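Here is the structure we will look at, set down as structure tokens.
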Protein chains: 2
Amino acid sequence: MAVHDAMDVLSGKWKIYIISSICHYNKRRFSDILDDVVGISNKMLSKELKELEVNKLIKRTVLDTQPVTVQYELTEHGLTLKTIVENLTDWGIAHRKEIIGAQNSG
Amino acid sequence: MAVHDAMDVLSGKWKIYIISSICHYNKRRFSDILDDVVGISNKMLSKELKELEVNKLIKRTVLDTQPVTVQYELTEHGLTLKTIVENLTDWGIAHRKEIIGAQNSG
DNA sequence: CAGTATCCCTGTCGATACTG
DNA sequence: CAGTATCGACAGGGATACTG
């Protein structure tokens, strides 16, 4: 099954949300993402960020501040996901309407 | 976070694969999907199909055969997912190339 | 064939505490 | 701030057996 290649990288409870967060802000720090993605723990965020980095979807930059801050952004390759996430978002909104509409009329 | 609406419906280990299977064949029977989606159990398939049906993404039709067969197909609304799944598939293939290419050249 | 019910193992993940 | 390490709960889900 062909979707498998994509699912390998994107499955997991939080990946899409993390990508969506970084996508939206272009650059985003660890604690900011922690804040964006409601419910995620630092452990999970750390783990999933690492996986996304291994897959070259995001780039991690340590900034020389005091204390250290770390910035995440999509790589050029990661940016190719932007459309998909946007489509997904739009679809979700449309879906919500569909379901709510069905409840009202039926 | 806006993707949430979509993720609510599509998250889960198997949903995308199931949709992809039905999508590909237009109409598909329980045991055929069981066969398409490598690794899924009948319990999981049954459960996830039910969730997809509740969300009006698929339609379930019991055929009057002996023994009974059941056919699943995307609803009109479910068909709006087709593009997304296709994009996801294409992205996955491109991603695979990207990663393999990076290994060769780096 | 198309499911449902049960039993039980496993990995996921949250909470907490700690480091540089 | 940005993580890492550890512990334990708990649900996800596999195997199997059963029904109509």
Side-chain angles (χ1 to χ4, degrees), chain A residues 1 3-4 7-22 25-55 57-75 78, chain B residues 1 3-4 7-22 25-55 57-75 78:
Chain A
M1 184 147 300
V3 228
H4 189 261
M7 294 306 286
D8 254 10
V9 186
L10 300 176
S11 71
K13 197 173 174 182
W14 306 106
K15 296 242 171 59
I16 296 285
Y17 292 106
I18 295 171
I19 291 167
S20 178
S21 163
I22 301 176
Y25 291 101
N26 290 319
K27 296 171 193 257
R28 204 70 176 146
R29 289 181 314 158
F30 189 88
S31 57
D32 291 329
I33 304 174
L34 208 52
D35 209 52
D36 292 340
V37 182
V38 179
I40 197 172
S41 65
N42 53 352
K43 174 182 153 190
M44 275 301 106
L45 180 54
S46 173
K47 183 194 152 209
E48 306 242 298
L49 280 171
K50 226 177 269 175
E51 292 174 16
L52 291 173
E53 200 189 350
V54 166
N55 279 296
L57 296 180
I58 61 174
K59 186 179 140 201
R60 177 177 178 276
T61 312
V62 180
L63 300 179
D64 194 16
T65 53
Q66 183 52 255
V68 155
T69 52
V70 179
Q71 198 166 73
Y72 291 92
E73 58 194 306
L74 293 179
T75 61
Chain B
M1 184 146 301
V3 228
H4 189 261
M7 295 306 285
D8 255 9
V9 188
L10 300 176
S11 71
K13 197 173 175 181
W14 306 107
K15 296 243 172 58
I16 295 285
Y17 292 107
I18 294 170
I19 291 167
S20 178
S21 163
I22 300 176
Y25 291 101
N26 290 319
K27 295 172 194 256
R28 203 71 175 147
R29 288 181 315 159
F30 189 87
S31 58
D32 290 330
I33 304 175
L34 208 53
D35 209 54
D36 293 340
V37 182
V38 179
I40 197 171
S41 64
N42 51 352
K43 174 181 153 189
M44 276 301 107
L45 180 54
S46 172
K47 183 194 151 208
E48 307 243 296
L49 280 172
K50 225 175 272 175
E51 293 175 15
L52 291 173
E53 201 190 348
V54 166
N55 278 296
L57 296 179
I58 61 174
K59 186 180 139 200
R60 178 177 177 276
T61 312
V62 181
L63 301 181
D64 192 18
T65 54
Q66 183 53 253
V68 155
T69 53
V70 179
Q71 199 166 71
Y72 291 93
E73 57 194 308
L74 293 179
T75 61

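Every heavy atom of this structure was used, including side-chain atoms; hydrogens, water molecules and symmetry mates were not. Residue numbers begin at 1 in each chain, while the letters A, B, ... track the order of the sequences. Quick caveat, the model's predicted, so the values are computed rather than measured.
Taking atom NZ of A:Lys47 as the reference point, atom C1' of C:dT12 lies 7 Å away to the nearest angstrom. Between the C1' atom of C:dG20 and the CD atom of A:Gln66 lies a distance of 10 Å, rounded to the nearest Å. Taking atom CG of residue B:Leu45 and atom P of nucleotide D:dG12, one finds them 17 Å apart after rounding to whole Å. The nearest whole Å value for the distance from the CD atom in A:Glu53 to the C1' atom in D:dA2 is 13 Å. Rounding to whole angstrom units, CE of residue A:Met44 and P of C:dG11 are separated by 14 Å. When rounded to the nearest whole Å, the span between CD of A:Gln71 and P of D:dA2 equals 10 Å. When the P atom of C:dG3 is taken as reference, atom CZ of B:Arg29 falls 11 Å away, rounded to whole Å. Atom CZ of A:Arg60 is separated from atom C1' of D:dG3 by 8 Å (rounded to the nearest Å).
The side chain of A:Ser31 sits closest to D:dA2 out of D:dA2, C:dC13, C:dA2.
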Does the pair A:Leu45 and A:Phe30 meet the rule for a side-chain contact (heavy atoms from CB on, under 4.5 Å), with working shown? CA-CA 8 Å; A:Leu45 180 54; A:Phe30 189 88; 3.9 Å; yes
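Within residues 32-43 of chain B, the residues having any heavy atom closer than 4.0 Å to DNA chain C are, in order of number, B:Asn42, B:Lys43. Looking at residues 13-22 of chain A, you'll see that no heavy atom sits under 4.0 Å from any atom of DNA chain D.
Contact annotation: A:Ser46 does not reach the phosphate of D:dG3 (side-chain N/O to OP1 or OP2, under 4.0 Å). For the pair A:Tyr72 and D:dC1, the criterion of a side-chain N or O lying under 4.0 Å from OP1 or OP2 is not met. Close to D:dT4, at under 4.0 Å from its OP1 or OP2, lies a side-chain N or O of A:Lys50.
At a threshold of 4.0 Å, the pair B:Glu48-B:Lys13 does not count as salt-bridged, since none of the basic side-chain nitrogens sits closer than that to a carboxylate oxygen. Ion pairing between B:Glu51 and B:Lys15 holds under the 4.0 Å rule for side-chain N and carboxylate O.
Each of A:Gly12 and B:Phe30 has a nearest nucleotide on DNA chain C; the 5'-most of these lies closest to B:Phe30.
In DNA chain D, stems built from 3 or more consecutive Watson-Crick or G-U wobble pairs, each with both distances under 3.5 Å, span C:1-20 with D:1-20.
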